[in-house]
Amino acid sequence: VIAHRENRRVLLRDVPAGPLTPDHFTVETAPVPQRAAGEAIVRTRFLGIDAGARAWLQSATYRTRLAAGELMPGTGLAEVIDPGQSGLSAGDLVVCETGWQDYALVPVGLLGLPRYAEPPTHLLSVYGNPGLTAFFGMIRSGQPARGETVVVSAAAGAVGSLAGQLARMRGCRVLGIVGGAGKAQRIVDELGFHGALDYRAGDLRGQLKAAAPDGVHLYFDNVGGEVLETVLLAMAAHGRIVCCGAVSQYDGPAPAHGPRGVPGLLITRRLQMLGFLVSDFDADRAVGVEALETAVRSGELKVPEDIVEGLANAPAALAGVLAGDNFGRRIVKV
Ligand SMILES: NC(=O)c1ccc[n+]([C@@H]2O[C@H](COP(=O)([O-])OP(=O)(O)OC[C@H]3O[C@@H](n4cnc5c(N)ncnc54)[C@H](OP(=O)(O)O)[C@@H]3O)[C@@H](O)[C@H]2O)c1
């Protein structure tokens, strides 16, 4: 039974030319959609807020570019309201593309199986895309080995916080790069990073030299731009760089230049740079989730979540992620 007859929908008002603000969005109210054959109706309970969503507004990525007036896309943790022919029951929880709205029509083939976790928000963090990105990016792509020095950027974020801990669990010495002294303290105290560097405090190159005098063996890059340029200078010979994302480049005009010194450094230090998409590992998602569940249950892997209340606050929640005001996975409680 659908208790609410209205569906709030957050639409992109216009494509931002500079930093994203809540004014780039508008909230409309529409009737709850009618289900057609082959569809189910779900009610969004929580939305995962991805830093990468900013890039979807700018150009085609692994998604087509979003246009003004369209519903903001996003992954939701949703309750099945009307299961249609999906074989699920009303009340089941599923993780699916809901977009930023109360009610979504989902093709039954895309609903998957009912999911359970305690707390349920872990389905959007550690057992969702951020956790799997951290797992497949760090473990499969980066292959961290005991004793190596590993650096992770955006280390207090959804992906970075987990990627760094996974490397620590492999016996690496892990340093996180974050913006601000408060986050630097927290990733050490709460997440067990061995050290933290604050790129906003200046002289990141000097901080890296002091913290990793023998060089960085593996760099997990969420940020690109200047931070990547600086870490490249700190790489040890035969070091690896896993390119996960470039959040420093999403929220403004295209940069005038990329990291300087890339060809020279790559050659003289025999570095390897490897990009990946979490979807490359779709066939192994269950393996990833199982490994992450074991790590969480053992108490070794902490899962920071940063929950914002209210669908109408989703735009501000995304702008905040880009400005770095989140600690861990940002989630909107719809
Ligand atoms: N390859 C894949 O398949 C895949 C999948 C999912 C996500 N990703 C990527 O993973 C990265 C993290 O995404 P997320 O959703 O987990 O976001 P997140 O890390 O929770 O949030 C983004 C963080 O980036 C930092 N940041 C923002 N601007 C920065 C700048 N100019 N320089 C340095 N740091 C900056 C901020 O923290 P500070 O306060 O520390 O600056 C902010 O908290 C993104 O690059 C995303 O595109 C890749």
Side-chain angles (χ1 to χ4, degrees), residues 18-20 47-59 61-63 74-75 124-126 128-138 140-142 151-165 175-187 191 193 196-202 204 207 219-231 241-253 255 259 273-282 284-285 288 303-308 317-332:
L20 179 94
L47 281 169
I49 304 295
D50 298 312
R54 177 66 182 84
W56 310 335
L57 311 185
Q58 225 53 41
S59 52
T61 52
Y62 47 93
R63 286 180 182 259
T75 306
L124 292 177
S125 59
V126 64
N129 257 356
L132 292 165
T133 302
F135 179 78
F136 291 118
M138 178 58 82
R140 290 276 179 91
S141 305
V151 170
V152 177
S153 54
V159 173
S161 62
L162 301 172
Q165 293 182 80
L175 306 171
I177 301 178
V178 294
K183 281 188 179 181
Q185 192 70 48
R186 286 187 70 183
I187 64 167
L191 306 179
F193 281 66
L197 315 172
D198 176 3
Y199 72 91
R200 288 194 193 156
L204 180 60
Q207 294 183 57
Y219 173 45
F220 188 99
D221 184 29
N222 283 312
V223 162
E226 244 182 284
V227 170
L228 169 59
E229 187 173 299
T230 308
V231 181
I241 299 121
V242 173
C243 299
C244 175
V247 66
S248 74
Q249 318 284 291
Y250 298 164
D251 203 24
M273 275 180 110
L274 173 66
F276 77 99
L277 282 176
V278 64
S279 53
D280 298 340
F281 300 93
D282 274 352
D284 274 357
R285 277 179 89 92
V303 185
E305 292 179 347
D306 183 323
I307 297 182
V308 169
L318 174 57
V321 162
L322 298 165
D325 72 8
N326 61 312
F327 189 84
R329 173 61 156 165
R330 170 129 311 162
I331 290 170
V332 167

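Computed from a predicted model, the values in this text were never measured in an experiment. Because only heavy atoms are used, hydrogens play no part in the values below, and waters and symmetry mates are left out as well, while side chains stay in. Numbering of ligands and ligand atoms starts at 1, following listing order.
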Item to complete: Answer whether the closest heavy-atom distance between the side chains of Arg285 and Asn129 falls below 4.5 Å.
Response: yes

Item to complete: Could you tell me which atoms of ligand 1, counted from 1 in the order shown, lie closer than 4.0 angstrom to a heavy atom of Val178?
Response: 40 (O)

Discussion item. If you measure every N or O of Tyr250 against every N or O of ligand 1, does any of those distances drop under 3.5 Å?
Written reply: yes

Worksheet item: Do Ile187 and Phe327 come close enough that some side-chain heavy atom pair is under 4.5 Å?
Response: yes

Worksheet entry | Contact check: Lys183 vs ligand 1, nitrogen or oxygen atoms, below 3.5 angstrom | yes

Worksheet item: At a 4.0 Å cut-off, with the gap strictly under it, does some heavy atom of Cys244 reach an atom of ligand 1?
Response: yes

Worksheet item: Of the protein's non-hydrogen atoms, which lies at the shortest distance from atom 4 (C) of ligand 1, and what is that distance?
Response: Thr133 CG2, 3.6 Å

Practice prompt. Give a yes/no verdict on whether any heavy atom in Asn326 is under 4.0 Å from an atom of ligand 1.
Written response: yes

Item to complete: Report yes if the side chains of Trp56 and Asp50 come closer than 4.5 Å at any heavy-atom pair, otherwise no.
Response: yes

Practice prompt. Determine, step by step, whether Val308 and Ile49 satisfy the side-chain contact (heavy atoms from CB on, under 4.5 Å) criterion, reporting the C-alpha distance in whole Å, the side-chain angles of both residues, the deciding distance to 0.1 Å, and the verdict.
Written response: CA-CA 10 Å; Val308 169; Ile49 304 295; over 6 Å; no

Worksheet entry | Candidate pair Asp221 and Val231, rule side-chain contact (heavy atoms from CB on, under 4.5 Å), full reasoning | CA-CA 9 Å; Asp221 184 29; Val231 181; over 6 Å; no

Item to complete: With heavy atoms of Arg200 as the reference, note each atom of ligand 1 found under 4.0 Å away.
Response: 39 (O), 41 (O)

Worksheet item: Quick one: CD1 on Ile177 to CZ on Phe193, what's the gap to the nearest 0.5 Å?
Response: 10.5 Å

Response to the item:
Checking heavy-atom distances from atom 11 (C) of ligand 1 to each of Asn222, Ile49, Asp221, the winner is Asn222

Worksheet item: In terms of atom number and element, which parts of ligand 1 are under 4.0 angstrom from non-hydrogen atoms of Gly157?
Response: 18 (P), 19 (O), 20 (O)

Worksheet item: N/O to N/O below 3.5 Å, does that happen between Ser248 and ligand 1?
Response: no

Worksheet item: So do Val303 and Arg329 actually touch side chain to side chain, heavy atoms under 4.5 Å?
Response: no

Worksheet entry | Residue from Val278, Leu277, Asp282 passing side chain to side chain contact (heavy atoms under 4.5 Å, CB included) with Asp280 | Leu277

Worksheet item: Should you measure from each heavy atom of Val223, which atoms of ligand 1 turn up under 4.0 Å away?
Response: 32 (N), 33 (C), 34 (N)

Discussion item. For atom 36 (C) of ligand 1, what is the closest protein heavy atom, and at what distance to 0.1 Å?
Written reply: Gly324 CA, 3.5 Å

Worksheet item: Once the angle between the rings of Phe136 and Phe281 is folded into 0 to 90°, is it parallel (under 30°), tilted (30 to 60°) or perpendicular (over 60°)?
Response: parallel

Worksheet item: Polar-atom distance check: Ile177 versus ligand 1, any N or O pair below 3.5 Å?
Response: no

Discussion item. One pair to check against side-chain contact (heavy atoms from CB on, under 4.5 Å): Asp198 and Lys183. What are the steps and the verdict?
Written reply: CA-CA 9 Å; Asp198 176 3; Lys183 281 188 179 181; over 6 Å; no

Discussion item. I'd like to check whether Val159 has a polar contact with ligand 1, where a contact means an N/O of the residue lying under 3.5 Å from an N/O of the ligand.
Written reply: yes

Worksheet item: Quick one: are Ser248 and Val227 in side-chain contact, heavy atoms under 4.5 Å?
Response: no

Practice prompt. Around atom 21 (O) of ligand 1, find the nearest protein heavy atom and jot down its residue, atom name and distance.
Written response: Val321 CG1, 3.3 Å

Worksheet item: So do Leu322 and Pro19 actually touch side chain to side chain, heavy atoms under 4.5 Å?
Response: no

Worksheet entry | For Ala246, the ligand 1 atoms whose distance to one of its heavy atoms is below 4.0 Å | 45 (O)

Discussion item. Closer than 4.0 Å to some heavy atom of Ala158 - which atoms of ligand 1 meet that?
Written reply: 16 (O), 18 (P), 19 (O), 20 (O)

Discussion item. With nothing but distance in play, are any N or O atoms of Tyr199 less than 3.5 Å from an N or O of ligand 1?
Written reply: yes

Worksheet item: Please state which protein non-hydrogen atom is closest to atom 24 (O) of ligand 1 and give its distance, to 0.1 Å?
Response: Val247 CG1, 3.4 Å

Worksheet entry | Atoms in ligand 1 with a heavy atom of Leu322 nearer than 4.0 Å | 27 (C), 28 (N)

Response to the item:
Ranked by distance from atom 40 (O) of ligand 1, the top protein heavy atom is Gly179 N, 2.8 Å

Worksheet item: Is Arg140 salt-bridged to Asp284, cutoff N-O under 4.0 Å?
Response: yes

Worksheet item: Does the side-chain contact (heavy atoms from CB on, under 4.5 Å) test come out yes or no for Met273 and Leu228, once each step is laid out?
Response: CA-CA 11 Å; Met273 275 180 110; Leu228 169 59; 4.1 Å; yes

Practice prompt. Could you pull out, from Val278, Leu132, Val242, Asp306, the option with a heavy atom nearest to atom 3 (O) of ligand 1?
Written response: Val278

Worksheet item: Which atoms of ligand 1 are found less than 4.0 Å from any heavy atom of Ala51?
Response: 13 (O), 14 (P), 15 (O), 17 (O), 22 (C)

